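To keep things clear, I will list the structure first and then write my remarks on it.
Just so it is clear, the values below take in all heavy atoms, side chains as well, and ignore hydrogens, waters and symmetry mates. Residue numbers start from 1 in every chain, and the chains themselves are labelled A, B, ... in the order their sequence lines are given, proteins ahead of strands. Everything numeric here is computed off the predicted structure, so don't read it as measured data.
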Amino acid sequence: MKILEASVGPLTNLEVFNFLKSKGASKDPTRVLADVAPSEYKVVYDYLVETAACNQTRENINEFLEKSKRYDLAKAEVLNIINIRPTTPVEIYSMIEQCDDRFGDTVEELVEIVAEVLPPPPTEIASDEGINEANLKTGNKENNDKEQVNEGKEKAAE
Amino acid sequence: MFNLSRLEHTFRVPPDLLSRPIAEAIKGELEKLFLDKVIPNLGLCISVYDIRSIEGGFILPSEGAATYTVVFTMIMFRPFVGEIIGAKLKDSDANGLRLSLGFFYDIYVPANLLPQPSRHEPDPRKRGRVTWIWDYDGQDFVIDWQDEIRFQVRSVSYPPIPIEQPKESKPFAPMVITGSLDFDGSGPVSWWTDAVQVE
């Protein structure tokens, strides 16, 4: 084996996700018929499906690249931001070298752009709903309990 | 995290694949040869991206199969130093943490790269396992099993294949990532989202 070119170019998580999906990786049980190796399947469904890449589209990424141009980020930094989708300044700090010197207060703007342009990962949506529900439950626990009792009665009546 | 690499390889295509189209047969063979394997200094092979050229097809003396030289592009998993990656906790002992990406498990965070000051408490459910706790201003932050953990890649190493493996040692890992959690924004994601809400 000969290595002709060690790095032809980096790929975002989204590109890998789409590539493997186009090969036929899916949650469908008939996937065993598709030409996907188990290791490829693992990449998609054990890892990528829980990352931000899952809901991104090419348009999102192009829009982000366009909007982030004026911040003069390095390629690796942009790639990292797209893959992780940091939504708080503290998360983005570690991804950008010498963030304080280069950005100062504009880092907040960048975070806003990330949150606006790139869609949230599926786990975040789910956990947000979970938290809301949990809050409701603790807040109106008695009401909920009563409702449940009522529901139960209704069902019994039916 | 993922990269494309251009490779060239010369290999035999067994004659039972003669009935299939050549490109398909070669792709299948490449997948058999490379997928889920580590190439030193290049990373873990994820998938065959495309095949650039197929040359040869010679039958070497005393062989019953054609040998081709193929140039192809491979999707590699090769994180760069300084990259932030989200992972899950796989194991946790007194030496530090072991993280998993689902398809890659050899990510280690040694104790000295955990957030300081950290301490560990034995896990009651399993012997030898510990729970790491970051003590920040008297507040305890626990590294738990549910959360996604963000770490920074400190180094990626490709240890040489050992000639003799000591008995009862860990299985050999051809690619080892050392990660760190000792900066703001690292560790379980919930540490930081909660912190923002408190502010």
Side-chain angles (χ1 to χ4, degrees), chain A residues 1-17 19-20 23 25 35-53 74-77 79-97 99 121 123-124 127-128 131, chain B residues 1-11 24 27-28 31-37 39 41-49 52 69 71-78 80-88 100-104 148 150 152 183-186 189-193 195-197:
Chain A
M1 188 203 66
K2 214 157 75 183
I3 299 167
L4 298 180
E5 215 175 322
S7 188
V8 184
L11 290 176
T12 61
N13 283 0
L14 169 76
E15 284 165 307
V16 178
F17 185 66
F19 177 79
L20 293 177
K23 276 193 80 177
D35 200 13
V36 187
S39 64
E40 291 175 319
Y41 183 78
K42 259 189 171 176
V43 174
V44 180
Y45 282 104
D46 283 2
Y47 185 67
L48 288 178
V49 98
E50 287 170 22
T51 65
K75 263 188 181 172
E77 290 165 349
L79 183 72
N80 213 173
I81 290 171
I82 291 170
N83 284 347
I84 292 284
R85 188 186 174 271
T87 47
T88 52
V90 68
E91 288 175 287
I92 219 164
Y93 254 59
S94 49
M95 288 173 204
I96 299 171
E97 253 179 78
C99 193
T123 44
E124 201 166 291
S127 65
D128 272 0
I131 290 165
Chain B
M1 185 149 137
F2 297 105
N3 265 289
L4 291 174
S5 292
R6 176 106 0 111
L7 304 170
E8 187 192 276
H9 191 55
T10 306
F11 61 100
E24 212 180 274
K27 199 172 177 206
E31 286 180 348
K32 239 190 254 169
L33 278 170
F34 287 99
L35 247 50
D36 211 16
K37 300 211 167 71
I39 302 174
N41 298 322
L42 211 58
L44 174 73
C45 300
I46 300 292
S47 190
V48 179
Y49 189 73
R52 284 292 162 132
T69 301
V71 176
F72 59 102
T73 317
M74 186 71 104
I75 301 179
M76 311 291 295
F77 167 67
R78 178 177 67 232
F80 57 86
V81 172
E83 184 168 4
I84 313 284
I85 299 177
K88 286 266 164 69
S100 148
L101 292 178
F103 62 96
F104 184 82
E148 180 191 331
R150 298 251 169 93
Q152 186 168 35
F183 57 92
D184 281 359
S186 67
V189 178
S190 62
W191 286 2
W192 302 101
T193 46
V196 172
Q197 277 165 9

So which residue, B/M74, B/K88, B/R78, ends up with the most heavy-atom pairs under 4.5 Å with chain A?
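Among B/M74, B/K88, B/R78, the one with the most close pairs to chain A is B/R78.
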
Heavy-atom proximity to chain A below 4.5 Å, by part of [X]:
X      : result
B/L42  : side chain
B/K32  : neither
B/I75  : side chain
B/I85  : both
B/Q152 : side chain

Answer yes or no: does atom OH of B/Y49 have more than 12 heavy-atom neighbours from other residues, nucleotides or ligands under 6.0 Å?
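No - once you tally the heavy atoms of other residues, nucleotides and ligands closer than 6.0 Å, there are 12 at most.
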
Given a strict heavy-atom distance threshold of 4.5 Å, which part of A/L48 is in contact with chain B: side chain, backbone, both, or neither?
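Side chain only.
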
Quick one: closest heavy-atom pair of [X] and [Y], and the distance?
X     : Y     : result
B/M1  : A/N83 : CB-ND2, 4.4 Å
A/F19 : B/S47 : CE2-OG, 3.3 Å
B/I84 : A/M95 : CG1-CG, 3.4 Å
B/F80 : A/L79 : CE2-CD2, 4.2 Å
A/S7  : B/N3  : OG-OD1, 3.3 Å

Could you give the distance from [atom1] ([X]) to [atom2] ([Y]), rounded to the nearest 0.5 Å?
X     : Y     : atom1 : atom2 : value
B/L33 : A/M1  : CG    : CE    : 11.0 Å
A/L11 : B/F77 : CG    : CZ    : 13.0 Å
A/E5  : B/R6  : CD    : CZ    : 6.0 Å

Could you have a look at A/P10, A/P86, A/G9 and say which one has the most heavy-atom pairs with chain B under 4.5 angstrom?
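That would be A/G9.
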
